[in-house]
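Both counts, for ligands and for their atoms, begin at 1 and track the order of listing.
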Amino acid sequence: MESIVIQQPNNLWIEQRPLPLPEPGEVRIKVKIAGICGSDSHIYRGHNPFAQYPRVIGHEFYGIIDAVGDGVRNKSPGERVVVDPVISCGVCYPCTVGKPNVCTSLTVLGVHRDGGFSEYVTVPESNVYCIPDSVSDRQAVMVEPFTIAANVTGQVAPTKNDIALIYGAGPMGLTTVQVLKGVYQVKTVIVVDRINARLAMAKACGADETMNNTRRPLAQYLAEKGIRPTLIIDAACHPAILTEAIDLASPAARIVIMGFSSAPSQIIQQGITGKELTIFSSRLNAHKFPVVIEWMQKKLIDPEKLITQQFDYRQVIDAITLFETDQQRCCKVLLSFSV
Ligand code: NAI
Ligand code: MN
Ligand code: ZN
């Protein structure tokens, strides 16, 4: 089989590897489509501190089970499936309080263990979720990115009366817009970004208002409209955004951060306590695959609106390069394996 391997930072090649045999409790999947994520690019470029090399990247993928290991009871060859990349122990403190996404021995497919940019991949049966017939292949490959939005929104119990502000109209911001509008029917969702093409995608995903903060400060825009957001989600993740979000938030608002910057954010206690704000963080997803598959089945979200390109996997370098360099044209870029 062929696998996309990052040998060392900035050194990607397609390697011939022997077809892996599923271990006990594992299934083997023939990958059909995979999605490129910012974190794949970070591993490729050597910007992910958790990555070990050589590594087969890819944690967003859809395929068909083609073999099962000993002891696999609930999955069979021929089933259409997606895979939760979060592999957890089930017994540590975070696992026992429902946060396997921050398991003390967390393993993430495509980061700590070989992932899905490969013609075949073996994964634990317990991470595999079947896809109903009503969900297409291209929708299925988008389950994982939507689980991030499910996790983010799951922290804050959005209501119809919320006025939500989302920073960033990349894949993370756009999945969050769709979930806030389609699932939670939040009254007002405002999206801020620096790229007009992405703000247009935010509108298509259901945003009520969009704002380009390149030249005009967001604070001024909101003040003119008399808007104080009750829910703020930072899907752009510059460290300065938390400072601004605390300032702009309504009293009693909730803020969710999801960035991994190691640079400090300047925050003032009074700004938080004076309004009794609640600040959440969100990492990966905690058992959100079934939730998102149900949303897709009920057509509450529309993943096709995020997909901008699809390449053959042999063109992976072109695909990742375009993804990295052209945020005007690219949002979610897919790789086709077998079709
Ligand atoms: P992306 O780079 O495609 O999108 C970010 C968007 O934010 C861009 O459109 C950019 O123009 C905009 N932006 C940047 N600075 C801004 C500012 N000051 N004001 C307004 N807009 C601004 O990235 P993607 O894939 O959507 O991911 C977003 C962030 O979420 C990344 O930082 C990524 O590391 C993080 N992330 C976190 C996850 C988690 O589980 N916590 C999972 C996936 C991504
Ligand atoms: Mn991803
Ligand atoms: Zn654990």
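Using cut-offs of 30° and 60° on the angle between ring planes, the pair Y129 and F289 is parallel. Ring orientation note: the planes of Y313 and F337 are close to parallel, at an angle under 30° on the 30°/60° scale.
Protein N/O/S atoms closer to the Mn ion (ligand 2) than 2.8 Å number 3 in this structure.
For ligand 1, the 4.0 Å heavy-atom shell contains residues I148, G168, G170, P171, M172, V192, D193, R194, I195, R198, N213, A235, A236, C237, I241, M258, F260, S282, R283, L284, Q327.
Panel note: side chain D162, backbone T159; a donor-acceptor pair is recorded below 3.5 Å. At least one donor-acceptor pair under 3.5 Å links the side chain of N127 to the backbone N or O of D84. Judged by distance alone, the side chain of T230 and the main-chain N or O of I163 form a donor-acceptor pair under 3.5 Å.
When each of V82, V81, V68 is tested with V128 by the rule side chain to side chain contact (heavy atoms under 4.5 Å, CB included), just one qualifies, namely V81.
Side-chain N/O atoms of D193 and N212 include no donor and acceptor closer than 3.5 Å. With no hydrogens or angles considered, no side-chain donor-acceptor pair links Q266 and T243 at under 3.5 Å. Inspection of the R138 and Q310 side chains reveals an N or O donor paired with an N or O acceptor under 3.5 Å.
Within the protein, the N, O or S atoms lying under 2.8 Å from the Zn ion (ligand 3) are C89 SG, C92 SG, C95 SG, C103 SG.
Heavy atoms from other residues, nucleotides or ligands lying under 6.0 Å from CZ of R329 number 12 at most.
Under the 4.5 Å side-chain heavy-atom criterion for grouping Ile, Leu, Val, Met, Phe, Trp and Tyr, L322 is connected to L12 within one hydrophobic cluster.
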Side-chain polar contacts of residues 167-182 - donor-acceptor pairs under 3.5 angstrom, sequence neighbours left out - could you list them?
residue: Y167; atom: OH; partner: E244; partner atom: OE1; Å: 2.4
residue: T175; atom: OG1; partner: P171; partner atom: O; Å: 3.0
residue: T175; atom: OG1; partner: M172; partner atom: O; Å: 3.0
residue: T176; atom: OG1; partner: M172; partner atom: O; Å: 2.7
residue: Q178; atom: OE1; partner: D302; partner atom: N; Å: 2.7
residue: Q178; atom: NE2; partner: D302; partner atom: O; Å: 3.0
residue: K181; atom: NZ; partner: V186; partner atom: O; Å: 2.8
residue: K181; atom: NZ; partner: K187; partner atom: O; Å: 3.1
residue: K181; atom: NZ; partner: D208; partner atom: OD1; Å: 3.2
residue: K181; atom: NZ; partner: D208; partner atom: OD2; Å: 2.8

* **Verdict with reasoning, E2 to R17, per salt bridge (Lys or Arg N to Asp or Glu O under 4.0 Å)** => CA-CA 6 Å; E2 291 193 323; R17 291 191 163 191; over 6 Å; no
